[in-house]
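These notes are about the structure you will find just below.
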Amino acid sequence: MSNPLTAPFGAALAVGALALGFVYGFIDGMCNAWINNRLICLHPDICAVGWVQADPESSDKWKIFREGEPFFDDDYNFNLTLAPHNDADPRSAVVADQFQGTDWLANDPRVTALGLTYTDDRNALHCEIESSRASTTCTVLKAMSPFITAALLGCIAGFWIACLLLLLLIAAAIVISRIAEHEGTPADVSSDGSGVVHAGDCLVISGRHVYDGGHPNAWNEIHPVRHLQKLVGQDAAEIQRQAPGAPTVIAVTDPVRMTIRDRWCEKLGEIQIGLTDGSRDRPENGWGAHPLLDGCEPAPVLH
């Protein structure tokens with residue numbers, strides 16, 4: 001004789017399994033979209049030299065509770081005025097310079113060919129140093145997916161006390177993840193111990209050049225920054241144009257251009273090639289059709 005509780009229990013178990021699959025899939029999809037699919041890689045590694053426009057926005061674990069910061073977005077970020085321009089130069093002049101502005105700030109035709117748009121008019125290159133918030137939060141949310149599912153089903157079924165207790169447990173786990181996460185800082189990527197960056201600092205930086213459409217505005221940026229070094233004194237003075245009324249186009253033979261290219265970016269590239277043991281020759285560091293299709297990701301291992 002069959003147990004009368006078997007059918008209801010089996011149905012409840014099936015509903016729970018389906019709900020858990022939905023919750024875990026939703027979390028995994030959201031995390032994958034934010035971490036892996038939000039940025040389009042344009043160049044795997046570029047070098048830029050310029051001045052910090054304003055004091056950077058530092059990582060802040062608790063800002064979401066005070067100012068409504070996006071749940072995952074906690075990277076250390078700043079805008080870099082590309083040398084030899086200044087903060088007052090309009091974007092139109094910067095992107096027409098046939099130098100850093102044209103290379104890194106201007107709208108990329110490969111992006112617009114995909115039907116994507118640029119909606120930002122800033123005259124500087126946005127740069128971000130990674131924090132661990134996204135990966136840490138995603139790990140915690142995935143681990144808590146059974147409890148999130150149970151809370152959801154408990155609330156729907158009217159088990160309010162159990163629902164409240166589970167929600168408190170989930171909230172506590174998120175708070176713990178905030179405490180455990182690593183806040184991105186310039187010290188993570190600097191070779192000279194530059195732990196703090198201020199407005200007006202002259203920097204040479206390198207990192208991945210991407211199109212970021214995951215904001216109300218869309219733009220090109222360096223994300224993540226992989227190397228940062230402050231230039232001071234004569235080093236900074238050598239890349240600053242002294243004469244007023246500088247031409248829009250920076251000539252190939254311009255001393256400022258040659259200093260940036262030959263003294264800083266070229267030397268930085270040599271150092272990085274040595275440190276990465278030839279990684280620039282790997283398949284992921286070159287692409288043919290489009291970076292979304294065959295670039296900026298390691299080639300599959302064939303067994």
Side-chain angles (χ1 to χ4, degrees), residues 2-41 59-75 111 114-117 119 128 130-184 210-218 223-224 290-294 296-298 300-301:
S2 62
N3 190 328
L5 297 179
T6 301
F9 178 77
L13 188 62
V15 169
L18 287 173
L20 176 59
F22 173 80
V23 169
Y24 186 90
F26 177 80
I27 294 172
D28 184 62
M30 180 177 62
C31 290
N32 184 61
W34 183 267
I35 296 174
N36 298 320
N37 297 329
R38 183 171 54 96
L39 307 176
I40 296 178
C41 181
S59 298
D60 185 341
K61 295 179 179 180
W62 313 113
K63 190 173 181 179
I64 185 174
F65 300 106
R66 296 195 302 269
E67 302 179 19
E69 178 184 290
F71 191 68
F72 285 139
D73 201 357
D74 189 39
D75 295 336
V111 172
L114 295 174
L116 301 173
T117 60
T119 56
E128 298 199 15
E130 291 273 275
S131 75
S132 70
R133 168 172 294 183
S135 60
T136 301
T137 302
C138 284
T139 298
V140 170
L141 288 177
K142 289 178 181 180
M144 295 297 293
S145 58
F147 299 96
I148 297 173
T149 304
L152 177 64
L153 295 177
C155 291
I156 293 174
F159 299 115
W160 303 114
I161 295 178
C163 175
L164 178 60
L165 291 175
L166 286 168
L167 289 175
L168 290 174
L169 177 63
I170 295 164
I174 293 175
V175 170
I176 292 173
S177 76
R178 283 288 185 272
I179 296 173
E181 74 183 30
H182 172 72
E183 297 179 334
V210 302
Y211 166 84
D212 186 353
H215 301 275
N217 292 325
H223 188 166
H290 189 276
L292 278 176
L293 301 177
D294 62 345
C296 300
E297 294 293 338
V301 178

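We use all heavy atoms of the structure for the numbers below, so side chains are in, but hydrogens, waters and symmetry mates are not. Heads up: numbering here begins at 1 and tracks the sequence.
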Measure the spacing between CD1 of Ile40 and CG of Leu114 and express it to the nearest 0.5 Å. 5.5 Å
If you draw a 6.0 Å radius around CD1 in Ile161, do more than 12 non-hydrogen atoms from other residues or ligands fall strictly inside? no
Minimum heavy-atom distance between Pro224 and Glu130, given as atom pair plus value: CB-CG, 3.3 Å
Between CG on residue Leu165 and CG on residue Leu169, distance to nearest 0.5 Å: 9.0 Å
Quick one, Ile27 and Val23 - any side-chain contact, counting heavy atoms below 4.5 Å? yes
What are the two closest heavy atoms between Cys155 and Leu167, and how far apart are they? SG-CD1, 4.5 Å
CA sep, side-chain torsions, deciding dist, call: Asp75, His223, side chain to side chain donor-acceptor pair (under 3.5 Å): CA-CA 9 Å; Asp75 295 336; His223 188 166; 3.3 Å; yes
In terms of heavy-atom contacts, Val210 and Cys41 come closest through CG1-CA, 4.1 Å
Start with the C-alpha gap between Thr137 and Arg178, add the side-chain angles, then the distance that decides, and say whether side chain to side chain donor-acceptor pair (under 3.5 Å) holds. CA-CA 8 Å; Thr137 302; Arg178 283 288 185 272; 3.2 Å; yes
Heavy-atom closest contact (Ala151 atom, Cys163 atom, distance): O-SG, 3.6 Å
Does Thr119 use its side chain to pair, donor to acceptor, with the backbone of Ala218 at less than 3.5 Å? yes
So the side-chain hydrogen bond (donor to acceptor under 3.5 Å, both in side chains) pairs with at least one residue in residues 19-30 (sequence neighbours excluded) are Asp28-Lys142
Closest approach of Thr149 and Gly16, non-hydrogen atoms and distance? CG2-O, 4.1 Å
Out of curiosity, Leu18 CG to Leu153 CG, how far, rounded to the nearest 0.5 Å? 10.5 Å
From Leu141 atom CG to Phe26 atom CZ, the distance as rounded to the nearest 0.5 Å: 10.0 Å
For Ile148 and Leu20, run side-chain contact (heavy atoms from CB on, under 4.5 Å): C-alpha distance rounded to whole Å, both residues' side-chain angles, the deciding distance at 0.1 Å, then the answer. CA-CA 8 Å; Ile148 297 173; Leu20 176 59; over 6 Å; no
Here the pair of heavy atoms bringing Tyr211 nearest to Thr117 is OH-O, 2.5 Å
